[in-house]
There are 2 protein chains.
Amino acid sequence: MKPFAIDDIFEKRRPREFRRPVTGHEVARSAGVSQSAVSRVFTPGASVSVQTRAKVLAAATKLGYRPNLIASSLITGRSRIVGVVVPGLRNPFYAALVDALSEALSGRDYRVMLFTAWHGTSADPILDEILRYRLDALILVSAELSSRLAEECGEVGLPVVMVNRKTDSEAVSSVTGDNRAGAACIGSFLLAGSHRRFVFMAGLDSSSTSRDREAGFRERLLQAGAVPPLKVHGSYTVEVASRATRELLKARTRPDAIFCANDQMAMAAMDVARSEFGLDVGRELSIVGFDDTQLAASPAYRLTTFSQPVEKMVDNAVAILVDACNGRDLSTGPHIVGGRLVVRDSARLPPRGLSQVGGRTVWTQSAKQSID
Amino acid sequence: MKPFAIDDIFEKRRPREFRRPVTGHEVARSAGVSQSAVSRVFTPGASVSVQTRAKVLAAATKLGYRPNLIASSLITGRSRIVGVVVPGLRNPFYAALVDALSEALSGRDYRVMLFTAWHGTSADPILDEILRYRLDALILVSAELSSRLAEECGEVGLPVVMVNRKTDSEAVSSVTGDNRAGAACIGSFLLAGSHRRFVFMAGLDSSSTSRDREAGFRERLLQAGAVPPLKVHGSYTVEVASRATRELLKARTRPDAIFCANDQMAMAAMDVARSEFGLDVGRELSIVGFDDTQLAASPAYRLTTFSQPVEKMVDNAVAILVDACNGRDLSTGPHIVGGRLVVRDSARLPPRGLSQVGGRTVWTQSAKQSID
DNA sequence: ATGAAAGCGCTAACAG
DNA sequence: CTGTTAGCGCTTTCAT
């Protein structure tokens, strides 16, 4: 009776003429061994005689057997799936990050479950989903997480790693570029290029990244006794950034240097400055970005921007994650990976401090100019 | 004894002081009901009395219960996870596609498991993974799949939808833009703009998309009695496309029109033509792309390109997929969604045929010029 | 080295 | 409407 009952249930679910996936039990029967023998054959460190292994393997390939990972993860308690939450893939920097993450994780035999949230939105509702799927870990790319839920993750033992964002909550590791120092560096660079009227185009105030970049920039300018930057909002989108730039350039006294919290906004600003105001960006107006996305290097922009080393950030994040999944949680807290100011043509050059590194021109503050 | 044994096992796996996720059984005990009552409360269409529901919900929130979707999918046979295979996210067109797919699927209550393969590589090894996870369906974005495995998917009842690629195999649905017609349209457009020396920059010959675009372009040129296009290889990458363009423009007799199989290559070609050869693209040399990615519209490129309606493709793909997951497999085979030639400044304009649609300039072949 | 047996957390008949 | 019961396909003792 049993098989019939099962088949009936099955038929109700898959109304078509499908052979349902073959189970370990079936392989066992076909090979004349026990089901546990089959399991052992497919478990890396298990002890099976060569004969049994051969029999099982033969039967398995004959029947087209593939172990059901869902079932095994139910019992082992680990799914080897990690959730990746990202505010959309339209921003090339995020796309690059997720791409690298996906590759790194699959190299470590983890699968990626992708969640696209919205910019500035909390990851909370998504996280609820994630908790239901019993994922092994969670990576938050440029996404926020309420401390309540962060806590809950800690309680449940779900390792959380934030990438390109940080948080106050302990038990949540984070990997970011050096936003503060990078922004300060840009400040110095612009100062050295004798700019006077600065503007900072923010991303989202809810993002620690944008706040840190603003703080670093502002502080450096203040230290140098310059006029603090005017702050405008670009929302990390080209539409808003374009509008903001338009306003800026329509004003009677224009800024002579705009630092945008990311490359996308910087390129949008360049587009507006060049095509709507006919400005020669790099001579009449300096624009600097942050991230060093692929497009920043293209001849169409040649954007001066602070590089965020995607590979390094990803390696770090994955290392932390893997450690955490294995119970070693040594590395909680913030991790900062350094970057460089990559100098191209979108901002006026300072007289000194330029050097060549790996085919790129970078700027470093010379010793005597150094402030901190 | 039992709980101890379980706890021991648990401790071995999660070496830290974690409370393991609470189970439905625990909620049941705390609420003074049966475990199935708990299950019913969390099953949409089940009948539970208000009192029980209240008791269960109270206990559940108190304990922080979240149903284990892994366990439930083991028994229902559906995971509500679909695999999405894509050759990297660095190509903005793919990123946009995956982004839209992710959003559309999460709207239908499906989760996305992301696999990044490599361009031109078969999805086969990845698919093996996928089969082990018992995903509900598979979406192949611009990725190939051997017919052997496609068949195997059919046998197992795993619905497969290819997006931006097609295949000969039945039982595999595909959604593509109208590559052939689009390429033919570009041919006519270029002809009407009185170009003479054409080149087609291919993506990968293994991609049906590139082949279709080539065929459509070539045929149209031939029909018109023009010299067939010279074919060069761009591999869908900016490096190779740049090199190819360089070679092309170094030659004694330059082409006057280059049709690139995608926007990325077209923009790479523009970069080389402008910055290395000082050419005025759109006057001295015409370059046309395919996809109409976001960047194509930017003032820095203003690329003339055939639009692929991402939203429409995604809606189609998701609809097919959802149908298939529910056993209705009416829509297998190829689906083609149309596009338009979006005219901007990277190619010389023909005297007639231009019109405004939704704020964009598009080109349509006038009746008397029409050939097929 | 191998099989039997006991679950992992959940859903779905089936009685009541 | 609710509890009981029987598994989903697998891993892991525990004897043998």
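Numbered from 1 within each chain, the chains take letters A, B, ... in sequence-line order.
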TODO: State whether A:Arg134 and A:Asp136 are salt-bridged, where the test is any N-O pair (Lys NZ or Arg NE/NH1/NH2 against Asp/Glu carboxylate O) under 4.0 Å.
DONE: no
Using a strict 4.0 Å threshold on nitrogen-to-oxygen distance, state whether B:Arg20 and B:Glu26 make a salt bridge.
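Salt bridge: yes.
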Check your understanding: What does A:Ser72 touch in the nucleic acid at a heavy-atom separation under 4.0 angstrom: a base, only the sugar-phosphate, or nothing?
Key ->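 The answer is sugar-phosphate, as A:Ser72 gets under 4.0 Å only of primed atoms, P, OP1 or OP2.
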Heavy atoms under 4.0 Å, any strand shown: does B:Tyr65 hit a base, just sugar-phosphate, or nothing?
-> sugar-phosphate
Verdict with supporting geometry, B:Lys166 and B:Asp168, salt bridge (charged side-chain N to carboxylate O under 4.0 Å, His left out): CA-CA 7 Å; B:Lys166 62 183 197 196; B:Asp168 307 318; over 6 Å; no
Subject >> Pairwise side-chain contact, B:His335 with B:Ile320, heavy-atom cut-off 4.5 Å (strictly under) >> reply: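 A side-chain contact exists here, since the closest heavy-atom pair is under 4.5 Å.
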Would you mind reporting whether A:Leu135 and A:Tyr110 have side-chain heavy atoms less than 4.5 Å apart?
-> no
Rounding to a whole Å, what distance do you find between [X]:[atom1] and [N]:[atom2]?
{"X": "B:Arg132", "N": "D:dC10", "atom1": "CZ", "atom2": "P", "result": "11 Å"}
{"X": "A:Ile75", "N": "C:dA6", "atom1": "CD1", "atom2": "P", "result": "14 Å"}
{"X": "A:Ile70", "N": "C:dC10", "atom1": "CD1", "atom2": "P", "result": "14 Å"}
{"X": "B:Arg134", "N": "D:dC8", "atom1": "CZ", "atom2": "P", "result": "14 Å"}
{"X": "B:Leu69", "N": "C:dC8", "atom1": "CG", "atom2": "C1'", "result": "15 Å"}
{"X": "B:Leu74", "N": "D:dC8", "atom1": "CG", "atom2": "P", "result": "9 Å"}

Any N/O pairs under 3.5 Å between the protein and nucleotides 2-5 of chain C? List them or say none.
residue, atom, partner, partner atom, Å
C:dT2, OP1, A:Ser49, OG, 2.5
C:dT2, OP1, A:Thr52, OG1, 2.3
C:dT2, OP2, A:Ser49, N, 2.7
C:dT2, OP2, A:Ser49, OG, 3.2
C:dT2, OP2, A:Thr52, OG1, 2.9
C:dG3, OP2, A:Ser34, N, 3.1
C:dG3, OP2, A:Ser34, OG, 3.1
C:dG3, N7, A:Arg40, NH2, 2.7
C:dG3, O6, A:Arg40, NH1, 3.3
C:dA4, N6, A:Ser36, OG, 3.2

Sorted by chain and residue number, the side-chain hydrogen bond (donor to acceptor under 3.5 Å, both in side chains) partners of B:Thr43 (sequence neighbours excluded) come out as none
Closest heavy-atom contact between B:Thr61 and B:Ala58?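 Minimum heavy-atom separation between B:Thr61 and B:Ala58: OG1-O, 3.0 Å.
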Heavy atoms of B:Thr116 and A:Glu103 approach each other most closely as OG1-N, 4.2 Å
Phosphate-side-chain proximity, A:Thr76 and D:dT11, N/O vs OP1/OP2 below 4.0 Å:
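No, no such contact exists.
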B:Tyr133 side chain N/O closer than 4.0 Å to the phosphate oxygens (OP1, OP2) of D:dC10?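 No, no such contact exists.
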Inter-end axis angle, the helix from C:dA1-D:dT16 to C:dG16-D:dC1, with every axis fitted to five base pairs (rounded, 10 degrees)
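Helix axis angle between the two ends: 30°.
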Counting distance only, does the side-chain N/O of B:Arg80 pair as donor-acceptor with the main-chain N or O of B:Arg108 below 3.5 Å? yes
Taking only residues two or more places apart in sequence, or in another chain, which ones meet B:Arg132 in a salt bridge (Lys or Arg N to Asp or Glu O under 4.0 Å)?
->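 Expected list: B:Asp128.
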A:Arg40: salt bridge (Lys or Arg N to Asp or Glu O under 4.0 Å) partners, not counting sequence neighbours: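 A:Arg40 satisfies salt bridge (Lys or Arg N to Asp or Glu O under 4.0 Å) with no residue once adjacent residues are dropped.
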* Where along residues 23-31 of chain B does a heavy atom fall under 4.0 Å from DNA chain C? ->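 Result for residues 23-31 of chain B: B:Thr23, B:Gly24, sorted by number.
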